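The structure appears below as structure tokens.
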Protein chains: 2
Amino acid sequence: MTIDDIARLASVSKATVSAVLNDKPGVARLTRDRVAAIIDRFNYQPSHVARSLSVRSTKSIGLVIKEIDNPYYTRIMRGVFDACSRRGYTVFLGSSELTFVQEEKSIQAMVNQQVDGLILTPLQGGNRDITYLATLIARKFPLVLIGEVKNLQTGVVTILNADAAYEAVSYLIQQGRRDIAYFAGPATSMHNDERYEGYRRALAEHELAISPRYVREAGSYFEGGRKEGLELFGGPGEKPTAVFCYNDLVAIGLINALQELKIRVPEDVAVIGFDNIDFCRYANVPLTTIENPAAAMGEAAADLLIGQIEQGDRFVPERITLNARLIKRSST
Amino acid sequence: MTIDDIARLASVSKATVSAVLNDKPGVARLTRDRVAAIIDRFNYQPSHVARSLSVRSTKSIGLVIKEIDNPYYTRIMRGVFDACSRRGYTVFLGSSELTFVQEEKSIQAMVNQQVDGLILTPLQGGNRDITYLATLIARKFPLVLIGEVKNLQTGVVTILNADAAYEAVSYLIQQGRRDIAYFAGPATSMHNDERYEGYRRALAEHELAISPRYVREAGSYFEGGRKEGLELFGGPGEKPTAVFCYNDLVAIGLINALQELKIRVPEDVAVIGFDNIDFCRYANVPLTTIENPAAAMGEAAADLLIGQIEQGDRFVPERITLNARLIKRSST
DNA sequence: ATATACAGCTAAACCGATTCAGGTGAATAT
DNA sequence: ATATTCACCTGAATCGGTTTAGCTGTATAT
């Protein structure tokens, strides 16, 4: 079934059928009804591909995330997906698998599929090569980043990591904790820099010194948190009375280590995570953490992107900042 | 940049350029090199959309899962994604959000986008309407299901749920447990039926009776497991010494309830889950469970589907069954 | 009565690729 | 010298839509 068939059956031109399909004016009531009747009698669906070729838009966007099966990115996905389906866009899935090569490949695959725009949770780090993304932006290709990349003029959606970290650490101080450690994320992560900054600011504001032994790179997984926990709390030397962690997995790993060492949470040591993954609720010590509104970020990114796509030219790169709030549970 | 531009620049016809692009024979070495040089000098990428229209294939598939941010489906996604990118297909994301209406909508959106085929983790239940899927199949639309749907002749990828459950329950019996409960999944789930069947068989084989009080519908989430756990173990009456759970979340909910009731795991009660989500490893009582090879199923489904797409006609609906093995940890 | 406006419709160009039935000329066969 | 073969290349049709300029014929204005 093509538009020609419908035109023939209705004895009109395909231009008229097209007008009916797209609710364009200039078709008499009677004709419109007759054509519409035939269209749904034969259950005709216009070819999306042909339409795309003609109007130069595929009504689809690409989403390239860091890891497909990471609950945090998964929540971003859900937000993007929801916003897109609401606005009639479909989404292509891509993943950078944590490597720059793969990231660029995925982006290229999407661009090649001629998506109308792209949402990216960019990899970060000193050795980040900006050129490819910059080219894309120079070509006016609609692009929205979730998370910052320096020197790139596009739409960006973020949370105020530093402020959230500040709030969390202040809360610990307010509870009487004075020796507070930070279990840091990967050194290449800008999120980590920002969270550290909040930590630093909170301590500085209360005139508490930062002990170098208390700032440890634990990465972003369970194992890192556990390992650093065993080392710091199992080894010799002073022990902190609270730990602010880069993310929830690290916090859970740490708690696991603490329990193994028979150190009580929160009595002996308070722990705060970041992200509020589902797991926090299920854990036997429900984790105090910072709600990272991943789904909302996904939605915001999609809305921003689609706005960008549909505005075309005169569009100014926007920046959306969402709030991350502290969720108090029993680990503090 | 279109194929015409390249043709003009190389002073050949677009047919020749097309032949070069697609590595077709019948182009002289010299010409081929000249054209190729121009193609990559201008960094020309042929329009995927135009190509799709011409060859009637978009080199993309649709993946419709039940829930985007459910770790189990997320692992399926990863498998599908990996297999597809390996074979040069891109994947559209869709979600049924656990409702039949939304499932059909998502599928239609994909079909409308003219994907070459579809992978679906179908909703199940007595009131499942088969007609739409059946129509698709009748139209020879390539479709692979992850999980069974009755009366549908397509590719299917599954695990032997009953056998896996049988193995798990047998293991409990072998450890000396005799009063074994089953915390069941949603009544509409075929997986649940099969797992119950395995449970039943294991008990029957050892001439152990099934106590109706011990078979309880806990659904598929943490809350259900916790609630049924509190009821069964907190209330009056006999208590089982082991529980086989529909899935890991239910098992974790149950363990949470048991800990609240000061019942020791595994000393007083052994618990087995199903799926082996990441969480099992992180829990303070590492959960014995059944490894559900979700990623492998995703890969198998994608391979099956792509095979089906590329074979075209003479294709026989295949069925792939993967093994699920018991992973013994400290909850038993 | 003539000019003007307008609603309703269509023919044909266009989007950017693929494909196939020939055409051309050089090399080989008879 | 003519016929045959073959490698290489091209023109034009095709995929299935959208869009625009222009053509009707009827209604209104002058």
Side-chain angles (χ1 to χ4, degrees), chain A residues 1-40 42-60 88 90 111-116 139 310 312, chain B residues 1-40 42-60 88 90 111-116 139 310 312:
Chain A
M1 267 289 147
T2 75
I3 200 175
D4 282 292
D5 300 327
I6 300 295
R8 199 166 316 119
L9 288 164
S11 357
V12 294
S13 72
K14 31 185 223 170
T16 303
V17 178
S18 177
V20 172
L21 284 171
N22 298 293
D23 264 320
K24 292 254 169 72
V27 181
R29 185 59 171 272
L30 238 71
T31 318
R32 187 178 293 277
D33 290 348
R34 184 158 46 90
V35 173
I38 292 182
I39 284 173
D40 62 44
F42 289 86
N43 198 4
Y44 160 73
Q45 297 273 116
S47 156
H48 186 87
V49 172
R51 170 162 221 289
S52 297
L53 177 59
S54 197
V55 303
R56 304 175 152 64
S57 148
T58 52
K59 277 275 191 180
S60 66
T90 43
V111 173
N112 194 251
Q113 279 274 350
Q114 287 160 276
V115 294
D116 292 345
R139 277 203 267 145
E310 295 182 349
Chain B
M1 267 288 145
T2 76
I3 199 174
D4 281 290
D5 300 327
I6 300 295
R8 200 168 313 120
L9 288 164
S11 358
V12 292
S13 72
K14 32 187 222 168
T16 302
V17 179
S18 177
V20 172
L21 283 170
N22 298 291
D23 264 319
K24 292 253 169 71
V27 182
R29 185 59 171 271
L30 238 71
T31 318
R32 187 178 295 276
D33 290 347
R34 185 159 45 91
V35 173
I38 292 182
I39 284 174
D40 61 44
F42 290 86
N43 198 4
Y44 159 73
Q45 297 273 115
S47 155
H48 186 86
V49 171
R51 171 162 220 288
S52 295
L53 177 59
S54 198
V55 302
R56 305 177 153 61
S57 148
T58 52
K59 277 276 192 180
S60 67
T90 44
V111 172
N112 193 251
Q113 279 274 350
Q114 284 159 279
V115 295
D116 291 346
R139 277 203 266 146
E310 294 182 349

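This is a predicted model, so every value here is computed, not measured. Naming: A, B, ... by sequence-line order, numbering from 1 per chain.
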Examine the base of D:dG17 for any acceptor or donor lying under 3.5 Å from a partner atom in the side chain of A:Ser54, and report the outcome as yes or no. yes
Are the side chain of A:Ser52 and the backbone N or O of A:His48 linked by a donor-acceptor pair below 3.5 Å? yes
Hey, which sits more toward the 5' end of DNA chain C by its nearest nucleotide, A:Val55 or B:Ala19? A:Val55
Going by side-chain contact (heavy atoms from CB on, under 4.5 Å), B:Arg51 matches just one of B:Thr58, B:Leu21, B:Asn22. Which one? B:Asn22
Give the rounded distance in Å between these two atoms: CG of B:Leu53 and P of D:dG17. 9 Å
Nearest whole Å is fine: how far is D:dG11 P from B:Arg8 CZ? 13 Å
Using side-chain heavy atoms (C-beta onward) and a distance below 4.5 Å, is B:Arg34 in contact with B:Val12? yes
In whole Å, I'd like the distance from the CD1 atom of A:Ile3 to the P atom of C:dT10. 12 Å
Within less than 4.0 Å of OP1 or OP2 of C:dG16, is there a side-chain N or O belonging to B:Tyr44? no
Can you find a donor-acceptor N/O pair under 3.5 angstrom joining the side chain of A:Lys14 to the base of D:dG17? yes
Would you indicate which nucleotide in D:dG16, D:dT10, C:dT18 comes nearest to any side-chain atom of A:Ala50? D:dG16
Can you check the B:Met1 CE to C:dG16 C1' distance for me, whole Å? 14 Å
Atom CG of A:Asp4 and atom C1' of D:dA13: how far apart are they, to the nearest Å? 14 Å
From CZ of B:Arg32 across to C1' of D:dC9 the rounded distance in Å is 13 Å
Using modelled atom types and a 3.5 Å cut-off, is there a donor and acceptor pairing between side-chain atoms of B:Asp33 and backbone atoms of B:Leu30? no
Nearest-angstrom distance from the residue atom NZ of B:Lys24 to P of C:dA17: 14 Å
From the list C:dC9, D:dT19, C:dG16, which nucleotide is the closest neighbour of the side chain of A:Ala15? D:dT19
With a cut-off of less than 4.0 Å, is there a side-chain N or O of A:Thr16 near OP1 or OP2 of C:dT10? yes
Between A:Arg56 and C:dG16, does any side-chain N or O lie under 4.0 Å from OP1 or OP2? yes
Closest to the A:Ser47 side chain, choosing from D:dT18, D:dG16, C:dT18: D:dG16
Just how far, in rounded Å, is C1' of C:dG8 from CG of A:Asp33? 15 Å
Using a 4.0 Å heavy-atom cut-off across all strands, classify A:Val49 as base, sugar-phosphate, or nothing. nothing
Only one of A:Ile38, A:Val17, A:Ile39 passes side-chain contact (heavy atoms from CB on, under 4.5 Å) with A:Leu9, and that residue is A:Ile38
Would you say D:dT18 has OP1 or OP2 under 4.0 Å from some side-chain N or O of A:Ser18? yes
C:dA17 phosphate, OP1 or OP2, under 4.0 Å from B:Ser52 side-chain N/O: no
